[in-house]
Enquirer: 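Before I ask anything, here is the structure I am working with.
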Amino acid sequence: MSGRRQYPFHLIEPKWQQHWDAQQTFRAWNPGEVLPQGHPFAQRYGFENKAVTAAQLPPKFYILDMFPYPSGAGLHVGHPEGYTATDILARYQRARGRHVLHPMGWDAFGLPAEQYAIKTGQHPRKTTEANITTFKRQIKSLGFSYDWTREVDTTDTNYFKWTQWIFLKLYNSYFDYFHNKAMPIELLKDAVSEIPKRQTEWANNDYLNSLRNVTRGESEDAIRRHIIDSRRLAFVTEAPVWWCEQLGTVLANEEVIDGKSEVGGFPVIRRPMRQWMLRITAYAERLLSDLDTIDWTDSLKEMQRNWIGKSEGAEVDFAVAASRQSAAETPIIRVFTTRPDTLFGATYMVLSPEHKLVAQITTPEQKKAVEDYKAFAAGKSDLERTELAKEKTGVFTGAYAINPVTDKQIPIWIADYVLASYGTGAIMAVPAHDERDFEFAKKFDLSIVQVVQPPDPKTDWQGFVDDGTAVNSASAELSLNGLPTQEAKKKITAWLESKGLGKKTINYKLRDWLFSRQRYWGEPFPIIWKRDAAGNLYHEALPESALPLLPPKLDDYKPTPDGQPPLARAQDWVNLPDGSTRETNTMPQWAGSCWYYLRYLDAKNPNAFVSPEAENYWMGKSSTLSSPLSTKSTTPGVDLYVGGTEHAVLHLLYARFWHKVLFDLGYVTTAEPFFKLVNQGIILGEDNQKMSKSRGNVVNPDEILVEYGADAFRLYEMFMGPLQDSKPWNTKGVEGVYRFLGRVWRMFIDEHSETEFEQAETTATDPQKHRELLNLLKLNPSIKDVQPTAAQLKTLHATIKKVTEDLDGMRFNTAISEMMVFVNEAIKWETKPASVLREFLILLAPFAPHVTEELWAKLNSSFVIRHSSLSFAEWPKHDPALLIEDTLEIPVQVNGKLRDVIKAPADADNATLEAAAQASEKVKPFIDGKTIKKIIVVPKKLINIVAV
RNA sequence: GCCGGUGUGGCGAAAUGGCAGACGCACAGGACUUAAAAUCCUGGGACCAUAAAAAGUCGUGUCGGUUCGAGUCCGACCACCGGCACCA
């Protein structure tokens, strides 16, 4: 304990937390709900005992925290940073007259509970519930104004029923490229017969093209099914995926960092498996372009842009040169390039080792070398393949392609620096103007031909990758010579298109979202598998009425030895009477967090994931724009979303994707879920002198609360610095704001009565009675119901102005320092006007809600007040007239250097100020004997005399 | 390598192009106290000077530029943090 307790927060804080709970003070109301008698919100707006419509309710403000994963370790000081910021703003917006939705919940599916289950046999539900209990107790002890009636838990059957329901929507939808939006799969069923007519529209789609092989020789029904299944937003594919042996599951691209699992850091390998995927790639362009409609930081938007990775270029077809023995069909190799202007410099080609044409084109002489290389590449981990500064490797296939503009034969190689998963899995190599191709060509002695002249003739053209002027780029039909890169691109692309050799193309790095996991503790897929007459396996969705689909009971949560998910152990559950079987994969943890912000709007609705009325009121209506292609919405959605940067790409991209699907299908009315988003910085460890960069998650808030209380903790979290910055935790710093709260307390409370209170507390035997002892405390006799002086009003209104502006700009640290300035000043007043102190309490209340409620109640017991509840008291407005100064102190500079500060009437004109400045005794020595060239007067601010 | 961000006292930080360091921590001195804790008051960027001061000089990562005036704007560079990384 660091000295005497500043004020009895240990009694005040639980008292008010219980009061808020009992009164449901911070409950938010949906349109149509009846507001109870005596509720402070109902009282403020005159809604007591009334049902209110959306139009009657005050304008909404939806302020959202990223809900936590309730780990066994409990809360650390990093969690409450964002929560405190949003709570302050929630309370501020209530005061400003907004109807605030401020909910909290639990992202509770996850690996730790499952791994604990594997070790101990304890059901993950038990572990999860225990952790939630701890988290909830800790979060409640901080006095946040959450509406707990809307609490959600992603592992609750009443919640994941709707997660499964949304999956069915994805399953039963397809992406219509013509309308650029998701549509019900029924519409596609009608259109399947038209497929031949719409080939052009769909020619883009690899999965349709690949069907030609799959569907060969099958029945018409089977073909129809293949076509439909291949276009669903949730689809099954046999694809190489990241398999993590130690975790016993596959992982999404986003969960693999540097060739290791994000969770646990275990090695991962590529392995072909049958998996569920979500077609997020269809939304790449909208996910990219709609970033312009939302208010996120540039760095965050940039991370999403990079992840989506749009690049514009061209696809070019290269014919494989007819080989000695084969005759009829020469295959075509399609490449993607962002530099079609360098086509004349393409002196060889490279296929990824996995490219499907490799086996077909390889010559018998090279067969062994190629197969050896393929095995070598497949055996490499991702880390080995992408390791920095590694040597390029590759082998020649023996085959040649024909460069379509030079007509020359160029060798075809395979190399693992070409990725199967990007573009077409094949490149045209232009060694003169691409770093990687250049390196490769040097190593394997391939020819390097200049086709771009750098703008600066001194620059070496070898390895020059920037824009320049095309050279050596002419054939009988076409010349690019002399054209700047950008124009050369246009010209060659047009030429390729006219010849049917290629076309303008856009590529994205974004891959489809691998959506299945081999885990127990996740949402089961509402899918069953059947066989058709020919014995082919196919899938069907369960009807909505079958939801929620619960996971089976298990004794052993491990995956099966043959790599089947744990659910496969439950044979009774898997095998259905009609011979069909259940899907045994589960959904990834991201599924539940993709839409939780929507469930908060109507958390207990048993009939819908959210009612249209609730969605409309809290997310806002979209204005219907005339063009059906428009995906823009003019409305905000969540007004403010605060959380850590660790979710910059994963959660935030997935949630935007789901939201857009729900938007397309008409279930939500905004194209974007989170209008404004702010990332709080990381709190670093305390031992900063060792330059420790570790997160401050060793500091347990419980210990801080025991010693300083929740109000001081909240205040310190905000006072450390700007919300967005990372900063080191310093427990000593908590004492500073704690002392500030003590000063506030002493400003309001009579010292004598406090001594009595403290003595009574030490002698009172029954701790239950302690709280009643708070009644012994009396108001400070210096507080009187008097008219404030002009100076007092000025101090108050300057504080109102600054705190209001700072809250609007989320500058909590400077708002707090301004209130410190106020208290340092006001505590000296011999007579403290009750009206001034009352307004000050409203300003401080969002930051330190407990102590202000107690002081507010004390003040109310002696003076007439306007509102009975501080939580819904109206925010004060500053009066600019009160801030006007009669006399100003104006700095005087000579040649930009400060020489004096003079006093002048606020309305003094420039000539008066100039004269006064020159008359200053301190200024004179610096201008004597010099010529005054000019005098700059910034009214009310500054005078600068320029003298030489 | 590419993209984004940040560099200000011993520390956390503050400053619409206009008095750099508000507010707080730590520290030092004083008051109160038998004493301590708590509280209250005072001090504080560096240098130079001095018994003490005043005055002065320098000072916001480095170098340059724009401007009457730059922590703030522009250019080049350095360091650190975050993200991406053989993406054709």
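Each chain gets a letter, A, B and so on, in the order the sequences are listed, and its residues count up from 1.
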Enquirer: May I have the distance from Tyr708(A) (atom OH) to rA38(B) (atom C1'), rounded to whole angstrom?
Expert: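 About 14 Å, once rounded to whole Å.
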Enquirer: Choose from rG56(B), rA88(B), rC84(B) the nucleotide whose nearest atom is closest to any side-chain atom of Arg899(A).
Expert: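 Per side-chain heavy atoms of Arg899(A), the pick is rG56(B).
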Enquirer: Need one value for Phe440(A): base, sugar-phosphate or nothing, where a base atom within 4.0 Å counts as base even if backbone is also close, heavy atoms only.
Expert: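 Result for Phe440(A) = nothing.
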Enquirer: Show which side-chain atoms of residues 713-723 of chain A pair as donor or acceptor with protein atoms under 3.5 Å away, not counting sequence neighbours.
Expert:
{"from": "Arg714(A)", "atom 1": "NE", "to": "Phe847(A)", "atom 2": "O", "distance (Å)": "3.0"}
{"from": "Arg714(A)", "atom 1": "NH1", "to": "Asp87(A)", "atom 2": "OD2", "distance (Å)": "2.9"}
{"from": "Arg714(A)", "atom 1": "NH1", "to": "Leu142(A)", "atom 2": "O", "distance (Å)": "3.1"}
{"from": "Arg714(A)", "atom 1": "NH1", "to": "Gly143(A)", "atom 2": "O", "distance (Å)": "3.3"}
{"from": "Arg714(A)", "atom 1": "NH2", "to": "Asp87(A)", "atom 2": "OD2", "distance (Å)": "2.8"}
{"from": "Arg714(A)", "atom 1": "NH2", "to": "Pro846(A)", "atom 2": "O", "distance (Å)": "2.8"}
{"from": "Tyr716(A)", "atom 1": "OH", "to": "Asn730(A)", "atom 2": "N", "distance (Å)": "3.3"}
{"from": "Tyr716(A)", "atom 1": "OH", "to": "Asn730(A)", "atom 2": "O", "distance (Å)": "3.3"}
{"from": "Glu717(A)", "atom 1": "OE1", "to": "Glu81(A)", "atom 2": "N", "distance (Å)": "3.4"}

Enquirer: Map Asp725(A) and Met303(A) onto RNA chain B by nearest heavy atom, then report which one ends up closer to the 5' terminus.
Expert: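 Nearest-nucleotide comparison on RNA chain B picks Asp725(A).
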Enquirer: Distance check, C1' atoms only: rA22(B) and rG29(B), in whole angstrom units.
Expert: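 After rounding to an integer number of Å, I get 24 Å for this pair.
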Enquirer: Quantified in whole Å, what is the P atom distance between nucleotide rU66(B) and nucleotide rG75(B)?
Expert: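 Result for the P pair: 15 Å, nearest Å.
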Enquirer: Side chains of Lys374(A) and Phe376(A): does their closest heavy-atom pair fall under 4.5 Å?
Expert: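 No, too far: nothing below the 4.5 Å cut-off.
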Enquirer: With C1' as the reference atom in both, quote the distance from rA15(B) to rC27(B) in angstrom, rounded to an integer.
Expert: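 It comes out at 25 Å once rounded to the nearest Å.
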Enquirer: Rounded to whole Å, how long is the line connecting atom CE of Met718(A) with atom P of rA13(B)?
Expert: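 These atoms are roughly 14 Å apart.
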Enquirer: Salt bridge (Lys or Arg N to Asp or Glu O under 4.0 Å) with Asp341(A): which residues, sequence neighbours excluded?
Expert: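 Residues passing salt bridge (Lys or Arg N to Asp or Glu O under 4.0 Å) with Asp341(A): Arg339(A).
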Enquirer: Just jot down the side chain to side chain donor-acceptor pair (under 3.5 Å) partners of Ser782(A), sequence neighbours excluded, or say none.
Expert: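 For Ser782(A), the residues satisfying side chain to side chain donor-acceptor pair (under 3.5 Å) (neighbours in sequence not counted) are Asn780(A), Lys832(A).
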Enquirer: What's the closest nucleotide to the Ser299(A) side chain, out of rG4(B), rC25(B), rA88(B)?
Expert: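 Nucleotide nearest to Ser299(A)'s side chain: rG4(B).
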Enquirer: Would you confirm whether the ring centroid of Tyr348(A) sits within less than 6.0 angstrom of the ring centroid of Phe440(A)?
Expert: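 Yes, ring centres under 6.0 Å apart.
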Enquirer: Starting at CH2 of Trp307(A) and ending at P of rG82(B), how long is that distance when rounded to a whole Å?
Expert: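 For the pair Trp307(A) CH2 and rG82(B) P, the rounded distance is 17 Å.
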Enquirer: With side chains defined as the heavy atoms from C-beta onward, is the minimum distance between Leu653(A) and Leu510(A) less than 4.5 Å?
Expert: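 Side chain of Leu653(A) against side chain of Leu510(A), heavy atoms only: contact under 4.5 Å found.
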Enquirer: If I take atom NE2 in residue His651(A) and atom C1' in nucleotide rG83(B), what distance separates them, rounded to the nearest angstrom?
Expert: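 After rounding, the gap between these two atoms is 18 Å.
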Enquirer: Side-chain donor-acceptor contacts of residues 889-902 of chain A below 3.5 Å, not counting sequence neighbours, with atom names and distances?
Expert:
{"from": "Asn895(A)", "atom 1": "OD1", "to": "Ala947(A)", "atom 2": "N", "distance (Å)": "2.9"}
{"from": "Asn895(A)", "atom 1": "ND2", "to": "Ala947(A)", "atom 2": "O", "distance (Å)": "3.0"}
{"from": "Asp900(A)", "atom 1": "OD2", "to": "Ser920(A)", "atom 2": "OG", "distance (Å)": "2.6"}

Enquirer: Report yes if some heavy atom in the side chain of Ser311(A) is under 4.5 Å from a heavy atom in the side chain of Phe336(A); otherwise report no.
Expert: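 Touching, per the 4.5 Å side-chain cut-off.
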Enquirer: If you check the Pro722(A) side chain, which of rC84(B), rC25(B), rA13(B) turns out closest?
Expert: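 Among the listed nucleotides, the one closest to the side chain of Pro722(A) is rA13(B).
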Enquirer: Taking CE from Met819(A) and C1' from rG24(B), how many angstroms apart are they, rounded to a whole number?
Expert: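 For the pair Met819(A) CE and rG24(B) C1', the rounded distance is 13 Å.
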Enquirer: Looking at residues at least two apart in the chain, or sitting in another chain, which of them share a salt bridge (Lys or Arg N to Asp or Glu O under 4.0 Å) with Lys940(A)?
Expert: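 Here no residue qualifies.
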Enquirer: Taking atom C1' in both rG64(B) and rC78(B), what distance in whole Å separates the two?
Expert: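 Each nucleotide's C1' atom is 15 Å from the other's.
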Enquirer: Would you mind calling rG9(B) syn or anti? Take O4'-C1'-N9-C4 for purines or O4'-C1'-N1-C2 for pyrimidines, and syn is within 90° of 0.
Expert: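 Chi for rG9(B) falls in the syn range.
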Enquirer: Give the nucleotide from the list rG12(B), rA88(B), rC84(B) with an atom nearest to the side chain of Lys727(A).
Expert: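 For the Lys727(A) side chain, the nearest candidate turns out to be rG12(B).
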Enquirer: Side chain to side chain donor-acceptor pair (under 3.5 Å) with Thr804(A): which residues, sequence neighbours excluded?
Expert: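 Checked Thr804(A) against side chain to side chain donor-acceptor pair (under 3.5 Å); matches are Trp875(A).
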Enquirer: I need the OH-C1' distance between Tyr422(A) and rA85(B), as an integer number of Å.
Expert: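 In whole Å, rA85(B) C1' lies 13 Å from Tyr422(A) OH.
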Enquirer: Under a 4.0 Å heavy-atom cut-off, which of residues 739-754 of chain A touch RNA chain B?
Expert: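 When residues 739-754 of chain A is checked for heavy atoms under 4.0 Å from RNA chain B, the hits, listed by number, are Arg739(A), Arg743(A), Arg746(A).
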Enquirer: At under 4.0 Å between heavy atoms, what does Lys934(A) touch on the DNA or RNA strands: base, sugar-phosphate, or nothing?
Expert: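 The answer is sugar-phosphate, as Lys934(A) gets under 4.0 Å only of primed atoms, P, OP1 or OP2.
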Enquirer: What integer distance in Å separates Trp296(A):CH2 from rC3(B):P?
Expert: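 These atoms are roughly 23 Å apart.
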Enquirer: Would you say Glu435(A) has more than 12 foreign heavy atoms packed within less than 6.0 Å of its CD?
Expert: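 Atom CD in Glu435(A) is not packed in, count stays at 12 or less.
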Enquirer: Run the salt bridge (Lys or Arg N to Asp or Glu O under 4.0 Å) test against Lys930(A) and tell me which residues pass, sequence neighbours left out.
Expert: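 Residues passing salt bridge (Lys or Arg N to Asp or Glu O under 4.0 Å) with Lys930(A): none at all.
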Enquirer: Tell me which nucleotide among rA88(B), rC58(B), rC68(B) gets nearest to the side chain of Lys897(A).
Expert: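 Looking only at heavy atoms from C-beta outward on Lys897(A), the closest nucleotide is rC58(B).
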Enquirer: Using a 4.0 Å heavy-atom cut-off to protein, can you give one letter per nucleotide of nucleotides 15-23 of chain B, 5' to 3': B if the base is in contact, S if only the sugar-phosphate is, - if neither?
Expert: -B-BB--BB
Enquirer: Given the rule that a pair is Watson-Crick or G-U wobble with both distances under 3.5 Å, how would you write RNA chain B in dot-bracket, using | for pairs to a different strand?
Expert: (((((((..(((.....[....))).(((((.......))))).(((........)))..(((((..]....))))))))))))....
Enquirer: Rounded to whole angstrom, note down the P distance from rA26(B) over to rA37(B).
Expert: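 Approximately 13 Å lies between the P atom of rA26(B) and that of rA37(B).
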Enquirer: With nearest nucleotides of RNA chain B determined for Val737(A) and Tyr716(A) from heavy-atom distances, which residue corresponds to the more 5′ nucleotide?
Expert: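 The answer here is Tyr716(A).
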Enquirer: How is Ser311(A) classified with respect to the nucleic acid when contacts are heavy atoms under 4.0 Å: base, sugar-phosphate, or nothing?
Expert: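 Sugar-phosphate, backbone atoms only, no base.
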Enquirer: Say you pick atom C1' in rG9(B) and the same atom in rA28(B); how far apart are they, in whole Å?
Expert: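 So the two C1' atoms sit 16 Å from each other.
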Enquirer: Nearest whole angstrom, please: distance from the P of rG82(B) to the NE2 of His647(A).
Expert: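 Distance check: His647(A) NE2 to rG82(B) P gives 17 Å.
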Enquirer: Which side chain to side chain donor-acceptor pair (under 3.5 Å) pairs, counting each pair once, include a residue from residues 809-818 of chain A, with sequence neighbours left out?
Expert: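 Sorted result for residues 809-818 of chain A: Asp806(A)-Arg811(A), Asp806(A)-Thr814(A).
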Enquirer: How far, in whole Å, is rU8(B) from rA70(B) if one measures between their C1' atoms?
Expert: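 These two C1' atoms come out 14 Å apart once rounded.
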Enquirer: Determine the interatomic distance between C1' on rG18(B) and the same-named atom on rA54(B); round to the nearest Å.
Expert: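 Going atom to atom, C1' in each nucleotide, I get 26 Å.
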Enquirer: Check whether any side-chain nitrogen or oxygen of Gln6(A) sits under 4.0 Å from OP1 or OP2 of rU39(B), and answer yes or no.
Expert: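 Answer is yes, contact under 4.0 Å.
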Enquirer: With sequence neighbours excluded, tell me which residues meet salt bridge (Lys or Arg N to Asp or Glu O under 4.0 Å) with Glu885(A).
Expert: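 In terms of salt bridge (Lys or Arg N to Asp or Glu O under 4.0 Å), with neighbours along the sequence ignored, Glu885(A) is linked to Lys794(A).
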